[in-house]
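Report on the following structure.
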Amino acid sequence: MRSMMNPLSEGLCLADKSGLSAQTLLDVLDLGAIANPMFKLKGPAMLQGSYSPAFPLKHQQKDMRLALALGDENAVSMPVSAAANEAFKKARSLGLGDLDFSAVYEVVKDAGGSGQA
């Protein structure tokens, strides 16, 4: 879930910056192979800036940190998870840790949709 949230955030930012409706993007995603309950639930709330915690960002980042440590122990390269972790760490540093993990969208938006934390 945590690694999926960053590309969703980037897609929503791209839609916004290019003049497309972010809601239309969510509708299109829901019609294709990538359709999933998380995007359907979190996407509209993200567009409204509503991050009522179902799973706090700080706990999601902790789990990501533990997964990365396990990857290190077993010599498994996890570049996608590592990049996502950086955005989540940035979100925590901005005081978003107690909000829902989808609040990582705020970091992506502030980075101009570049995903750079």
Side-chain angles (χ1 to χ4, degrees):
M1 289 187 326
R2 58 196 167 258
S3 293
M4 291 170 58
M5 190 53 63
N6 283 24
L8 174 61
S9 296
E10 290 174 359
L12 293 173
C13 287
L14 178 61
D16 181 56
K17 297 280 185 182
S18 62
L20 300 173
S21 162
Q23 183 58 55
T24 299
L25 173 63
L26 292 174
D27 293 342
V28 169
L29 290 174
D30 197 39
L31 295 173
I34 198 168
N36 66 74
M38 184 179 72
F39 287 179
K40 191 171 191 109
L41 175 68
K42 300 293 184 185
M46 292 163 66
L47 295 180
Q48 295 174 357
S50 177
Y51 305 112
S52 182
F55 192 74
L57 187 142
K58 65 185 176 186
H59 297 310
Q60 189 74 276
Q61 193 273 318
K62 177 218 21 125
D63 290 351
M64 197 175 322
R65 181 176 40 80
L66 294 172
L68 287 167
L70 185 61
D72 284 346
E73 287 177 30
N74 291 282
V76 174
S77 178
M78 299 173 65
V80 173
S81 293
N85 188 48
E86 291 304 312
F88 276 79
K89 286 179 0 185
K90 176 70 173 187
R92 285 186 64 203
S93 78
L94 295 174
L96 304 175
D98 289 326
L99 299 177
D100 190 74
F101 74 100
S102 59
V104 74
Y105 178 50
E106 296 299 320
V107 170
V108 176
K109 280 194 321 187
D110 288 345
S114 70
Q116 295 181 359

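This is a predicted model, so every value here is computed, not measured.
- The minimum heavy-atom distance linking Met78 with Ala67 is given by the pair SD-O, 3.7 Å.
- Counting only heavy atoms from C-beta outward, the side chains of Asn6 and Val107 never approach each other to under 4.5 Å.
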Residues Leu8, Met46; criterion side chain to side chain contact (heavy atoms under 4.5 Å, CB included); working and verdict = CA-CA 10 Å; Leu8 174 61; Met46 292 163 66; 4.0 Å; yes
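- Salt-bridge check for Arg2 with Asp63: failed, with every basic side-chain N at 4.0 Å or more from each acidic carboxylate O.
- Between the OG atom in Ser102 and the CD atom in Gln60 there is a gap of 10.0 Å [rounded to 0.5 Å].
- Two different hydrophobic clusters hold Leu12 and Leu20 under the rule that ILVMFWY side chains link at heavy-atom gaps under 4.5 Å.
- If you chain together hydrophobic residues whose side chains sit under 4.5 Å apart, Tyr51 and Leu41 never meet in one group.
- The OG atom of Ser93 lies 10.5 Å from the CD atom of Gln61; values are rounded to the nearest 0.5 Å.
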Run the side chain to side chain contact (heavy atoms under 4.5 Å, CB included) check on Met5 and Tyr105 step by step: do they pass?
-> CA-CA 8 Å; Met5 190 53 63; Tyr105 178 50; 5.9 Å; no
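- With sequence neighbours excluded, the residues that form a side-chain hydrogen bond (donor to acceptor under 3.5 Å, both in side chains) with Asp27 are Gln23.
- Phe88 and Phe101 have parallel rings, their planes meeting at less than 30° on a 0 to 90° scale where 60° marks the start of perpendicular.
- Atom CG of Leu70 has more than 12 neighbouring heavy atoms from other residues, nucleotides or ligands inside a 6.0 Å radius.
- By the 4.0 Å N-to-carboxylate-O rule, Asp100 lies close enough to Lys42 to be salt-bridged with it.
- For the pair Pro44 and Phe39, the tightest heavy-atom approach, listed with the atom from each and the gap, is CD-O, 3.8 Å.
- Taking CG of Asp30 as the start and CG of Asn36 as the end, the distance is 8.5 Å to the nearest 0.5 Å.
- Both Met38 and Leu25 are members of a single hydrophobic cluster when ILVMFWY side chains are connected at heavy-atom separations under 4.5 Å.
- Taking each heavy atom of Ala84 and Met64 in turn, the nearest pair found is C-SD, 3.7 Å.
- A donor-acceptor pair under 3.5 Å is absent between the side-chain atoms of Asp98 and the main chain of Leu96, judged by distance alone.
- Val76 and Val80 end up in different hydrophobic clusters when Ile, Leu, Val, Met, Phe, Trp and Tyr side chains are linked at under 4.5 Å.
- In this structure, NZ on Lys17 lies 10.0 Å from NZ on Lys109, to the nearest 0.5 angstrom.
- Nearest heavy atoms, Leu26 versus Gly43: CD1-C, 3.5 Å.
- Pairing each heavy atom of Cys13 with each of Val108, the nearest pair is SG-CG1, 3.8 Å.
- In terms of heavy atoms, Leu99 sits closest to Ala103 at CB-CB, 4.0 Å.
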